[in-house]
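None of the values given here were measured: they were computed from a predicted structure. Numbered from 1 within each chain, the chains take letters A, B, ... in sequence-line order.
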Amino acid sequence: MKEKELRRSLAVLPIGTVMRLTNLSARQIRYYEEQQLVTPKRNEGNRRMYSLNDIDRLLEIRDFLDEGINMAGIKHIYDEKARKEAQKKAQLEKPLTDRDVRKILRDEFMSVSGLVREDEVSFKHNKNF
DNA sequence: TTTCTGACA
DNA sequence: TGTCAGTA
């Protein structure tokens, strides 16, 4: 599934195409870029080139706006998303702490002993386990 | 022709 | 946001 992601991130669409695909004006699309909501690549002639991911992003922004969310609100949403992903990634790269291990063992014990339902076990199993 | 930046309403 | 100007 790596090939698909790579294609989706290829910036090949000029702003004119993006306008038609998103129903947004060039003015709006450029403004959202100023607000750091999208970061299109630039070609040799300083032309903005968008990827399919950028299109999705713009469509999402348009929906948020329709729902009455302002620029600050949308920025906050993406900032939070980025913050959480960064945190998750950092956590995955760290070895388990003693506290984590104890929690895993306790949860396993609780689960096996039938004292709690499986879906109530708080530990979220991952590759590290 | 299309897009870019800057600026004014 | 829309729109106009002067470019590339």
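- Listed by residue number, the members of residues 38-46 of chain A with any heavy atom below 4.0 angstrom from DNA chain B are A:Arg42, A:Asn46.
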Scoring nucleotides 3-8 of chain C by protein non-hydrogen atoms under 4.0 Å (B base, S sugar-phosphate only, - none) yields B----B

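- Rounding to the nearest 0.5 Å gives a distance of 6.5 Å between CE of A:Met71 and CD of A:Gln35.
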Q) Are A:Leu58 and A:Val38 close enough, and set up right, to give a side chain to side chain contact (heavy atoms under 4.5 Å, CB included), and what steps lead you there? A) CA-CA 7 Å; A:Leu58 288 168; A:Val38 287; 3.7 Å; yes

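- Across all non-hydrogen atoms, the minimal contact from A:Leu65 to A:Ile69 is CD1-O, 3.2 Å.
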- Query: Can A:Arg57 and A:Tyr78 be said to form a side chain to side chain contact (heavy atoms under 4.5 Å, CB included), step by step?
  - Reply: CA-CA 10 Å; A:Arg57 181 79 147 197; A:Tyr78 289 132; 3.3 Å; yes

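- The line from CE of A:Met1 to CG of A:Leu6 is 14.0 Å long, rounded to the nearest 0.5 Å.
- Qualifying side chain to side chain contact (heavy atoms under 4.5 Å, CB included) partners for A:Glu5, counting only residues two or more places apart in sequence or in other chains: none.
- With a heavy-atom cut-off of 4.0 Å to chain A, the contacted part of DNA chain B has its first and last nucleotide at B:dT2 to B:dA7.
- How far CG of A:Leu37 is from CD1 of A:Ile74: 6.0 Å, rounded to the nearest 0.5 Å.
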Margin query: Before you tell me yes or no, could you show the steps for A:Arg7 and A:Leu52 under side chain to side chain contact (heavy atoms under 4.5 Å, CB included), namely the whole-Å CA-CA distance, both residues' side-chain angles and the distance that decides it to 0.1 Å?
Written below: CA-CA 8 Å; A:Arg7 291 180 190 289; A:Leu52 293 179; over 6 Å; no

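- In the hydrophobic clustering of this structure, A:Leu59 groups with A:Tyr31; members are Ile, Leu, Val, Met, Phe, Trp, Tyr whose side-chain heavy atoms approach within less than 4.5 Å, directly or through other members.
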task: Please lay out, stage by stage, how A:Lys84 and A:Gln87 fare under the test side chain to side chain contact (heavy atoms under 4.5 Å, CB included).
output: CA-CA 5 Å; A:Lys84 287 185 178 179; A:Gln87 183 177 308; 5.6 Å; no

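- Applying the salt bridge (charged side-chain N to carboxylate O under 4.0 Å, His left out) test to residues at least two apart or on different chains, none of the pairs has a partner in residues 59-77 of chain A.
- Under a 3.5 Å cut-off, the side chain of A:Asp100 and the backbone N or O of A:Thr97 do form a donor-acceptor pair.
- A search for salt bridge (charged side-chain N to carboxylate O under 4.0 Å, His left out) contacts involving A:Glu80 returns A:Arg83, not counting sequence neighbours.
- By the side chain to side chain contact (heavy atoms under 4.5 Å, CB included) test, A:Leu21 pairs with A:Leu13, A:Thr17, A:Ile55, sequence neighbours left out.
- Of all the residues in residues 50-76 of chain A, not one reaches under 4.0 Å from DNA chain B with any non-hydrogen atom.
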Parsed dot-bracket for DNA chain B after applying the Watson-Crick and G-U rules with both distances under 3.5 Å and | for other-strand partners is .|.||||||

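- Within residues 10-26 of chain A, the residues approaching DNA chain B are A:Pro14, A:Ile15, A:Gly16, by heavy-atom distance under 4.0 Å.
- Counting only residues at least two apart or on different chains, the side-chain hydrogen bond (donor to acceptor under 3.5 Å, both in side chains) pairs with a member in residues 45-55 of chain A are A:Arg8-A:Asn53, A:Glu33-A:Arg48, A:Arg42-A:Asn46, A:Ser51-A:Asp54.
- Residues A:Glu85 and A:Lys81 are not paired through a salt bridge, judged by the lack of any N-O separation under 4.0 Å between the basic side chain and the carboxylate.
- Every side chain to side chain contact (heavy atoms under 4.5 Å, CB included) that A:Ser25 has, sequence neighbours left out, goes to A:Arg27, A:Gln28.
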